[in-house]
Amino acid sequence: MSFKHKIVAYLGSILFLFGCWWLLARGINNPGLPEPRLALQGLARFWPELARHLYFSVYRVVVSLALALLLAVPLGLWAGRNRAVDSFLAPMVYLLYPVPKVALLPVAMVLMGIGDGAKMLIIFLVIFNQILITTRDAARKIPDQLLLSVASLGAGKASLFRQVILPACLPDIITASRVSLGSAISVLFLSETIAGNSGLGYFILDGLFRADYGAMFAGILTMAGMGLVLYILLHLFEYLLCPWER
């Protein structure tokens with residue numbers, strides 16, 4: 001699909017969703033669900049303030065995702081190609097993965113305060129295992145024959161990781177990043193509504209408390225737009241870093 005067709009597809013999807021929203025708002029006829037026009041008016045009216053909250057939210061998500069990738073990817077690659085490491089790491093991952101990390105948010109706030117650190121720590125803990133497990137499984141799937149054939153040409157362990165294992169796992173790593181992005185934004189919203197006075201989650205909840213539903217939905221639209229732009233950036237990274245996928 002060409003770039004032009006993708007733009008048309010995105011615009012068509014957005015118009016379809018706005019049309020469904022308009023029909024639902026007209027059918028319910030409740031101030032708690034304003035029409036898209038009122039939400040867009042709120043977006044224009046509150047944009048300077050929204051831009052400040054958007055900056056904090058983007059910063060928290062991007063830094064948390066970058067830290068998770070920086071730590072989970074090397075560890076996942078190592079575990080995927082080393083059975084001894086995996087046999088030690090897997091039980092800990094499976095024991096800790098089901099624990100709801102959001103429940104640790106009050107603990108993080110007690111230890112780190114209500115600033116960015118506690119929020120980013122919880123986001124990091126939620127998405128770390130997702131990226132780690134996906135990376136490990138991708139590294140496991142690489143045929144040993146492929147690595148042996150490259151090693152027979154004189155490639156060392158560092159070259160194997162850099163030129164074979166990492167490129168083979170990269171599409172799965174980016175896919176894991178896309179999935180983790182949705183989880184990160186969900187946790188971000190929850191953490192920003194519990195404590196602090198910045199971020200889109202705080203802005204949305206503040207609009208609810210003031211019964212300013214136009215402002216509330218303006219914040220929701222901004223958070224949806226943030227997720228869409230970050231998702232497109234991840235897709236762009238995949239396009240640039242994984243040309244063989246095309």
Compare all side-chain heavy atoms of [X] with those of [Y] and state whether any distance is below 4.5 angstrom.
X    : Y    : result
W78  : L89  : no
L40  : L221 : yes
V73  : C169 : no
L121 : L125 : yes
L75  : F128 : yes
L38  : F217 : no
F203 : T222 : no
D86  : R140 : yes

State the [atom1]-[atom2] distance between [X] and [Y], to the nearest 0.5 angstrom.
X    : Y    : atom1 : atom2 : result
F237 : L241 : CZ    : CG    : 7.5 Å
H235 : I232 : NE2   : CD1   : 9.0 Å
L69  : F124 : CG    : CZ    : 10.0 Å

Listed pairs under 3.5 Å, donor-acceptor, residues 171-196 side chains, sequence neighbours left out:
from: T175; atom 1: OG1; to: P171; atom 2: O; distance (Å): 3.0
from: S177; atom 1: OG; to: I173; atom 2: O; distance (Å): 2.9
from: R178; atom 1: NH2; to: E238; atom 2: OE1; distance (Å): 2.2
from: S180; atom 1: OG; to: Q130; atom 2: OE1; distance (Å): 3.1
from: S180; atom 1: OG; to: A176; atom 2: O; distance (Å): 2.8
from: S183; atom 1: OG; to: Q130; atom 2: NE2; distance (Å): 3.2
from: S186; atom 1: OG; to: G182; atom 2: O; distance (Å): 3.0
from: S191; atom 1: OG; to: V187; atom 2: O; distance (Å): 3.2
from: S191; atom 1: OG; to: L188; atom 2: O; distance (Å): 2.9
from: E192; atom 1: OE1; to: S57; atom 2: OG; distance (Å): 3.3
from: E192; atom 1: OE1; to: L200; atom 2: N; distance (Å): 3.1
from: E192; atom 1: OE1; to: G201; atom 2: N; distance (Å): 2.8
from: E192; atom 1: OE2; to: S57; atom 2: OG; distance (Å): 3.0
from: E192; atom 1: OE2; to: R60; atom 2: NH1; distance (Å): 2.7
from: T193; atom 1: OG1; to: F189; atom 2: O; distance (Å): 3.2
from: T193; atom 1: OG1; to: L190; atom 2: O; distance (Å): 2.8

By side chain to side chain contact (heavy atoms under 4.5 Å, CB included), F161 pairs with (sequence neighbours left out) L77, R81, I165

In terms of hydrophobic clustering (I, L, V, M, F, W, Y; side-chain heavy atoms under 4.5 Å; direct or indirect links), are [X] and [Y] co-clustered?
X    : Y    : answer
L43  : Y202 : no
L205 : Y55  : no
L132 : L234 : yes
L54  : V229 : yes
W22  : L17  : no

Point to revise | Residues I131, L65; criterion side-chain contact (heavy atoms from CB on, under 4.5 Å); working and verdict | key: CA-CA 10 Å; I131 297 173; L65 182 60; 4.0 Å; yes

Could you report the tightest heavy-atom contact between [X] and [Y], atom names first, then the distance?
X    : Y    : value
M120 : Y59  : SD-CE2, 4.1 Å
I123 : S64  : CG2-CB, 3.5 Å
G42  : A218 : C-CB, 3.6 Å
M92  : F88  : CE-CE2, 3.6 Å
R52  : N197 : NH2-O, 4.2 Å

**OP:** Report, as yes or no, whether the 6.0 Å neighbourhood of atom CZ on R210 holds more than 12 heavy atoms from other residues, nucleotides or ligands.
**Re:** yes

### Derivation and outcome, side-chain contact (heavy atoms from CB on, under 4.5 Å), residues D206 and H53
CA-CA 12 Å; D206 182 64; H53 291 291; over 6 Å; no

